[in-house]
Number of protein chains: 2
Amino acid sequence: MATLGDVAAKAHVSKMTVSRVINHPEKVTKELRDLVYAAMSELNYQPNFAAKALANNRTQIVKLFILERMDTVEPYYMNLLAGLADALDEKNYALQLMTKNSLDVGTCDGYVVTGMRNKDYGWLETVEKPIVLYGENQMGLDYVDTDNILGTRTSTNYAFACGYTTVVFVGINLPDSFAESREKGYTLAMAAHHAPPKVFQMDNRSHISDQVITKHFAEFPQNTCFVCASDRLAIGVERAVQHQGGQIPDDYGVIGFDGVFLDRIGSPQLTTIRQPVQKMGYETGRMVLHKIEENGAPQGHEVFVPTLVPRGTTRPPQEGQPK
Amino acid sequence: MATLGDVAAKAHVSKMTVSRVINHPEKVTKELRDLVYAAMSELNYQPNFAAKALANNRTQIVKLFILERMDTVEPYYMNLLAGLADALDEKNYALQLMTKNSLDVGTCDGYVVTGMRNKDYGWLETVEKPIVLYGENQMGLDYVDTDNILGTRTSTNYAFACGYTTVVFVGINLPDSFAESREKGYTLAMAAHHAPPKVFQMDNRSHISDQVITKHFAEFPQNTCFVCASDRLAIGVERAVQHQGGQIPDDYGVIGFDGVFLDRIGSPQLTTIRQPVQKMGYETGRMVLHKIEENGAPQGHEVFVPTLVPRGTTRPPQEGQPK
DNA sequence: TCTGGACATGTTATCGGTAACACAAGACAA
DNA sequence: TTGTCTTGTGTTACCGATAACATGTCCAGA
């Protein structure tokens with residue numbers, strides 16, 4: 001494997017010049033730069049990350065804190081991990097997974113944190129390394145998330161567009177910004193349609209939503225659509241409606257949220273609001289790395305637009321209805 | 001952060017002695033060793049991986065080749081990844097994911113390969129770095145896998161124990177060792193029960209098994225149990241039987257294989273043969289790292305015992321039947 | 001013509017480890 | 001007593017990059 005020195009020799013310059021071409025190209029004259037570039041590609045130069053890390057006093061580690069109880073088989077997290085790992089690997093960073101049990105704030109270059117509750121914010125103050133959150137927050141911290149309000153607003157509007165006359169929200173009872181935003185998107189859309197909101201809140205588990213909907217089934221007239229805060233909840237709702245003899249999508253509609261694997265389970269498959277989770281994970285990774293490179297400079301936030309995926313649990317939009 | 005030098009100073013020895021205590025403790029007298037250990041724990045010494053990598057001429061990268069078409073949302077792979085990443089992170093190795101598209105055999109310290117077909121073996125010869133396979137093989141290559149034969153033998157026996165009188169195998173049509181072993185476990189068990197085997201083979205997709213079973217449904221008398229080579233297939237079978245009006249588990253049984261998330265989807269939940277996928281991934285990671293440390297010395301193979309998870313798609317074992 | 005500063009490039013020391021070699025002390029055979 | 005071998009420890013150089021500093025060149029202004 002070619003080293004800086006090899007490139008330097010081939011280009012008849014010093015190692016330092018090659019290093020500058022890589023890190024501060026504007027400080028080198030164009031002629032030398034081109035020489036160096038030529039030599040690099042000729043030797044197929046690949047930087048040695050260990051050497052770079054050592055010289056820069058970096059650990060090449062980013063820690064991921066998942067503050068909520070995590071189900072290791074949950075595809076949502078797996079996708080997040082995949083995206084994150086992807087971004088980190090590009091720069092040869094290692095990802096260390098920390099769970100609630102092992103909150104070891106040991107040596108590393110930066111943090112990604114997800115599953116923040118309001119009470120967790122104090123803890124963050126104690127950390128001095130670059131942090132990026134996965135999930136919206138109101139504390140001015142850098143984050144990546146999907147537009148949760150837009151998501152449920154979209155699904156609620158779509159429910160009306162499909163001709164359902166009653167639209168109910170099945171939400172998550174967490175004191176978490178994303179849960180509130182998803183409910184808010186629903187209530188905003190209901191207000192725009194001059195329709196009275198009806199909200200249920202529960203743990204994010206399919207058998208819970210199954211129970212709740214079964215219990216209240218008498219309250220739901222035909223032509224009701226259930227807008228859910230997650231696919232997991234939606235799956236339980238779908239099951240409950242079917243067991244009660246409700247016809248999906250003809251008499252009842254169900255719309256989920258997330259679009260990560262679960263939506264394709266069961267039949268009919270779920271109409272859902274899809275988040276590009278893997279891509280979001282990737283961008284989160286890029287954001288921490290940037291922040292590390294820039295010595296902790298604020299990165300702002302990046303919000304992804306969720307997309308509606310129409311499938312079997314809603315009937316087609318009605319003619320003449322606003323989309 | 002304390003360095004080797006700090007520890008050396010505190011223990012009044014040279015850096016080299018400390019390094020030896022870490023890597024070749026048998027070459028240092030007990031007195032010095034204890035001194036060094038004391039100094040290390042007093043300073044809470046953590047080795048610097050970048051420095052170690054640089055000195056050892058390592059890249060701290062392991063590449064994972066997934067040779068079959070991978071569905072990034074497939075929980076099976078995600079679990080494998082999680083376990084693998086876990087093991088690698090412990091030694092501060094980075095995991096690089098290579099797919100069929102980008103088979104770049106670039107710089108790294110070792111490889112993990114999964115989804116091998118027989119035709120892929122030639123390609124492996126060209127690589128000189130340590131390799132460990134995830135998945136059994138007959139070429140004498142080091143690998144980690146579950147005992148596939150035992151798995152389907154267990155599920156087949158269990159089907160009889162539950163009192164089902166006809167047992168059918170729903171298999172995967174891949175020229176892959178694991179697919180053959182799962183079928184073999186079934187045929188062995190059938191022979192032991194003096195029952196005629198009946199095998200179907202198809203792509204590993206739930207809607208395919210759904211179609212196939214629907215089409216052949218007339219051939220299956222009541223009291224038939226479907227032993228499947230994967231949970232994915234089993235889910236399709238369950239759906240087909242239910243649509244055809246078959247009662248699960250009273251008249252028909254279904255047993256899956258894998259036990260990674262999918263088995264908990266749908267109702268009733270699947271009786272399945274569970275592989276400890278994450279643990280297996282972890283051990284695969286450990287194995288490559290060992291092999292790297294030992295300069296490519298053979299590691300043999302590690303076979304995990306799968307466990308039967310009885311759930312709703314089979315009725316309870318009959319009294320007096322052999323377990 | 002001389003001085004000083006801006007700019008481009010090279011030299012040196014350093015990051016934290018490890019291998020290879022050097023060296024000293026004790027054991028033992030001739 | 002001397003020579004050789006073994007064993008335990010220290011010294012030195014080096015892995016591949018970078019920051020800090022040193023040097024050299026050019027040009028502007030006095």
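Here is how names work: the chains are called A, B, and so on, in the same order as the sequence lines, proteins then strands, and each is numbered from 1. Predicted, not measured: the structure shown is a model, and the values here were computed from it. Excluded from the calculations below are hydrogen atoms, water molecules and symmetry mates; all remaining heavy atoms, backbone and side chain alike, are included.
Rounded to the nearest 0.5 angstrom, B:L80 CG and A:M78 CE are separated by 10.5 Å. Atoms CD and CG, from B:E42 and B:D6 in turn, are 12.0 Å apart once rounded to the nearest 0.5 Å. Taken from CG in B:D176 to CG in B:N204, the straight-line distance is 11.0 Å, to the nearest 0.5 Å. The CG atom of B:L35 sits 12.0 Å away from the NZ atom of B:K10 when rounded to the nearest 0.5 Å. With rounding to the nearest 0.5 angstrom, the OG1 atom of B:T59 is 11.5 Å from the CD atom of A:Q46.
Listed by first and then second residue, the side-chain hydrogen bond (donor to acceptor under 3.5 Å, both in side chains) pairs that reach into residues 131-140 of chain B are B:Y76-B:Y134, B:E136-B:N148, B:E136-B:S177, B:E136-B:S181, B:Q138-B:S177, sequence neighbours excluded. Counting only residues at least two apart or on different chains, the side-chain hydrogen bond (donor to acceptor under 3.5 Å, both in side chains) pairs with a member in residues 286-299 of chain A are A:D142-A:K291, A:E294-A:Q299.
The backbone N or O of B:V28 sits less than 3.5 Å from a side-chain atom of B:R33, completing a donor-acceptor pair.
Of the residues in residues 47-57 of chain A, those placing a heavy atom less than 4.0 Å from an atom of DNA chain C are A:L54, A:A55, in numerical order.
The aromatic rings of B:H301 and B:Y143 sit parallel, their planes meeting at an angle under 30°, below the 60° perpendicular limit.
Using a 4.0 Å cut-off between a side-chain N of Lys or Arg and a carboxylate O of Asp or Glu, B:D109 and B:K129 do not qualify as a salt bridge. Salt bridge status for B:D34 with B:K30: present, with a side-chain N to carboxylate O gap under 4.0 Å.
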Are any protein N/O atoms closer than 3.5 Å to N/O atoms in nucleotides 23-27 of chain D? If there are, list each pair with its distance.
none

So which protein N/O to nucleotides 7-13 of chain D N/O distances come out below 3.5 Å?
{"residue": "D:dT9", "atom": "OP1", "partner": "B:T29", "partner atom": "OG1", "Å": "2.8"}
{"residue": "D:dT9", "atom": "OP2", "partner": "B:T29", "partner atom": "N", "Å": "3.0"}
{"residue": "D:dT9", "atom": "OP2", "partner": "B:T29", "partner atom": "OG1", "Å": "3.4"}
{"residue": "D:dG10", "atom": "OP2", "partner": "B:S14", "partner atom": "N", "Å": "3.2"}
{"residue": "D:dG10", "atom": "OP2", "partner": "B:S14", "partner atom": "OG", "Å": "3.1"}
{"residue": "D:dG10", "atom": "OP2", "partner": "B:T17", "partner atom": "OG1", "Å": "2.4"}
{"residue": "D:dG10", "atom": "N7", "partner": "B:R20", "partner atom": "NH2", "Å": "2.9"}

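Taking 4.5 Å as the limit, some side-chain heavy atom of A:P75 sits within range of a side-chain heavy atom of B:F261.
Contact footprint of chain A on DNA chain C: nucleotides with an atom under 4.0 Å from a non-hydrogen protein atom, first to last in 5' to 3' order, C:dA8 to C:dG16.
Rounded to whole Å, the distance from CE on A:M1 to P on D:dG16 is 11 Å.
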